[in-house]
Structure formats: structure tokens, C-alpha cells
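Reviewing the structure listed below.
All figures in this text were calculated on a predicted structure; none of them were measured in a lab.
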Amino acid sequence: MLDPNLTTVYFSPTFLTLLGIPGLEAVQHWIGIPFSLMFAAALLGNSILLATIWTERSLHEPMYILLAMLVATDLGLCTTIMPKMLGIFWFALRDIHFNACLTQMFFVHTFQAIESGVLLAMAFDRFVAICKPLRHSAILSNQVLSTIGILLILRPTVLIAPTAFLIKRLRTYKSTVISHSYCEHMAVVKLAAGDIRVNKAYGLFVAFTILGFDLVLIIVSYFLILRAVFRLPKRAARLKAVQTCAAHLCVFLEFYVLGFFSFLAHRLWALVPPHLCSASLSVAPLLPDPSTAELSGHKAR
């Protein structure tokens, strides 16, 4: 049912408008400079990492194969978001076709879900390496890693694809302006003038099914890891195990803190300054990956 107080209603809009960073439109051309530098650094650094892991046979181990999956996901997420964002900042290309917006939304959330799954797989890898070191190669064989990779792609694809179809069923919109620099599920849903309870409920279901499930298992894994680490008799062995997991924990904290910030910001929008929310979420895909320290440490050894 439409809100009778609405003065303007858009029926099945063809285009939506992305504002970029609300409140900072006048200086977005300057903001685009550090974003472009970070984007270039992310592309170059991640590409070098992928090439190194691919060509260096000593890195064909579960830890580094999972790291390659994480790097590839970061590349996918960056290239999904940044070209349009820089177009907004530098050339004021704010309009985006409705279907293109839904496509971007799908890939953004899919890559985020894949990244969450890879982080869970990395936590499982550390658990096996520390708690069951003699069976590590047998448990995480190449066949198992291939199966994990396929499941990491299938899970978000199956769960996130319906969000686009649920949005397509909405015909009336109270606005076509998204106060953000890329298309995100709740940002698009909140534009609708009709009943969006199904969209909200399904969005919550997907969030808790993917991120919530992964987060719980990661916490359990690291609880078991830390318990095993502090039972090691030698201090040197304990320190080495903690150093191995420290970089991964930084990645987990970075990913899930920003993920929950995004989740809460769209539901408590009035309490979060729009420019702060948009800027923090825009820079998230470009943050450096602390887990690459593992690769540097391996090469140093």
C-alpha cells in the first residue's frame, strides 16, 4: 500500500542516481585521487600476489591457495565498485540503469559472501594445522580445496540471486536517488514506496545464514585454536602459532566490523552521518589484506 503523504511516485524507473558521498559532492573530484591510487595499488598488489602464488610451487599449499582465493575475491569486489565510483567522483556520471544497479548489487554481495566463506575456510585451515598437524595434508587435499571453492561460489549465488528478483517485483518508488557510491541491497530497497517487509526479511535471512553462520564457526575455530596453542609445552612453539594466526585475525576483524557497520547503518541511518557511512563503506574494498604478511614471511624464510 502506498503512503498517501507521498507527493511524487516513480513507476518502474529505468535509471537510478548514485550521489557518491552525500554532503561532500563539491570535493568529490579531490576525494577521487586517493581512491584511484588505492584502487591501482589494490589491482597491482593483488595481481602480483596471484602471480607469485601461481608460479611458486612451494606456495601450492592450502594456506596460500586459500589466500589466492581471498585475493581473487578482493580483485572482483574492487573492480565491481571502483570504476563506477570514480566515474561519479570525476565525471559526475551518477545515473545507472536499474538493471545494471541490480547486477552490481548482486556481485557486490556475492563477493562479500565469498570473502566471508574464504575467511571461514582459512580459520578451518589454521585449526587443522595447529590442532591436527599430522593430518593436515590428508584433510585439506587438493580435491577438498576444489570442493570448498565451488561451494563458496554456489552458496552466495543461490542465496543472493533472489534479492534481485524480489526487488524487481516492486513497481513504485518514492525516490530514485541512492545516497551512496554503489548499489547495495537495503539502499535500493528503501527507495520503494510499496511493502518491503519481504525484502527486509529475506535480507536478514541471507545475512544471518552467511555472515552469522560463518562468524560463529570462525569464533569456535579460534577458541579451539587458542586453547590448543596455550597447551603447547614450549614458549617458542606458542609464539610461532600465535604469529601465524595474528594476520588472519586482523582480516576477520576488518571484514566483520565493517560488515556489521554496514548492516546497522542502513537500519539506524538517522544516527549515522551519511557522509561517514558512505565514505567508510566505499573505502572498505580497498583496504590492504593483512593476511599477505604470511606470504612475505614465507618468502623471508
Side-chain angles (χ1 to χ4, degrees), residues 10 13-43 46 73-115 160 163-164 167 173-192 199 203 207 211 254-289:
Y10 302 87
T14 304
F15 289 92
L16 300 177
T17 301
L18 294 165
L19 286 185
I21 301 179
L24 300 177
E25 290 88 351
V27 294
Q28 283 185 156
H29 55 287
W30 295 111
I31 296 174
I33 296 175
F35 272 87
S36 64
L37 293 176
M38 288 189 289
F39 182 41
L43 290 179
N46 286 331
T73 305
D74 286 341
L75 277 174
L77 188 57
C78 285
T79 53
T80 299
I81 293 175
M82 287 307 301
K84 180 61 179 177
M85 186 187 297
L86 293 177
I88 295 170
F89 290 169
W90 285 342
F91 307 109
L93 300 175
R94 295 184 174 89
D95 290 342
I96 183 171
H97 195 280
F98 191 85
N99 290 332
C101 184
L102 294 185
T103 302
Q104 186 188 52
M105 179 197 76
F106 169 77
F107 280 108
V108 166
H109 291 305
T110 297
F111 282 127
Q112 288 174 335
I114 292 174
E115 185 166 355
I160 293 172
T163 60
I167 290 175
Y173 290 79
K174 56 191 175 184
S175 175
T176 59
V177 178
I178 298 175
S179 299
H180 204 354
S181 50
Y182 61 88
C183 295
E184 193 267 350
H185 177 249
M186 280 306 300
V188 178
V189 167
K190 289 193 301 183
L191 300 179
N199 301 75
L211 299 182
E254 172 193 306
F255 179 81
Y256 284 104
V257 167
L258 286 171
F260 280 109
F261 179 83
S262 174
F263 179 80
L264 293 173
H266 282 293
R267 286 157 179 80
L268 302 172
W269 187 261
L271 303 179
V272 182
H275 63 276
L276 175 61
C277 180
S278 184
S280 61
L281 298 181
S282 298
V283 77
L286 301 175
L287 291 176
D289 185 354

Considering all heavy atoms, the nearest [X]-[Y] contact:
X	Y	result
H29	W90	O-NE1, 3.0 Å
M105	I167	SD-CD1, 3.7 Å
V188	C183	CG2-CB, 4.4 Å
G32	L86	O-CD2, 3.7 Å
C78	A42	SG-CB, 4.1 Å

- request: Under the side-chain contact (heavy atoms from CB on, under 4.5 Å) rule, what do I88 and Q28 come out as? Steps first, then yes or no, please.
  value: CA-CA 8 Å; I88 295 170; Q28 283 185 156; 4.2 Å; yes

task: Could you pull out all residues at least two apart from A100 that satisfy side-chain contact (heavy atoms from CB on, under 4.5 Å)?
output: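 Partners of A100 under the side-chain contact (heavy atoms from CB on, under 4.5 Å) test: I96, H97.
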
field: side-chain contact (heavy atoms from CB on, under 4.5 Å) against F107, all qualifying residues, sequence neighbours excluded
entry: T80, T103, F111

Side-chain donor-acceptor distances from residues 14-23 under 3.5 Å, at least two apart:
from : atom 1 : to  : atom 2 : distance (Å)
T17  : OG1    : D95 : OD1    : 3.1

- prompt: Can F106 and T163 be said to form a side-chain contact (heavy atoms from CB on, under 4.5 Å), step by step?
  reply: CA-CA 8 Å; F106 169 77; T163 60; 5.7 Å; no

Within this structure, what is the [atom1]-[atom2] distance for the pair [X] and [Y], rounded to the nearest 0.5 Å?
X	Y	atom1	atom2	result
E115	T110	CD	OG1	13.0 Å
C101	L191	SG	CG	8.0 Å
I31	L24	CD1	CG	4.5 Å
D74	I114	CG	CD1	11.0 Å
M85	H180	CE	NE2	7.5 Å

message: Closer than 3.5 angstrom, by distance alone: can the side chain of K190 be matched with the main-chain N or O of I178 as a donor-acceptor pair?
response: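 Not a single qualifying donor-acceptor pair exists.
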
task: May I ask you to decide if H185's main-chain N or O and H109's side chain share a donor-acceptor pair within less than 3.5 Å?
output: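 Yes; at least one donor-acceptor contact below 3.5 Å.
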
- request: Give the C-alpha distance, both sets of side-chain angles, the deciding distance and a yes or no for ring pair (Phe, Tyr, Trp, His ring centres under 6.0 Å) between F98 and Y10.
  value: CA-CA 13 Å; F98 191 85; Y10 302 87; over 10 Å; no

task: Go through the steps to decide whether L43 and L75 satisfy the test side-chain contact (heavy atoms from CB on, under 4.5 Å), and finish with yes or no.
output: CA-CA 7 Å; L43 290 179; L75 277 174; 3.6 Å; yes

field: Flag side-chain contact, heavy atom, 4.5 Å: Y182 against Q104
entry: yes

query: Taking C-beta and beyond as the side chain, do S36 and F89 meet within less than 4.5 Å on heavy atoms?
result: no

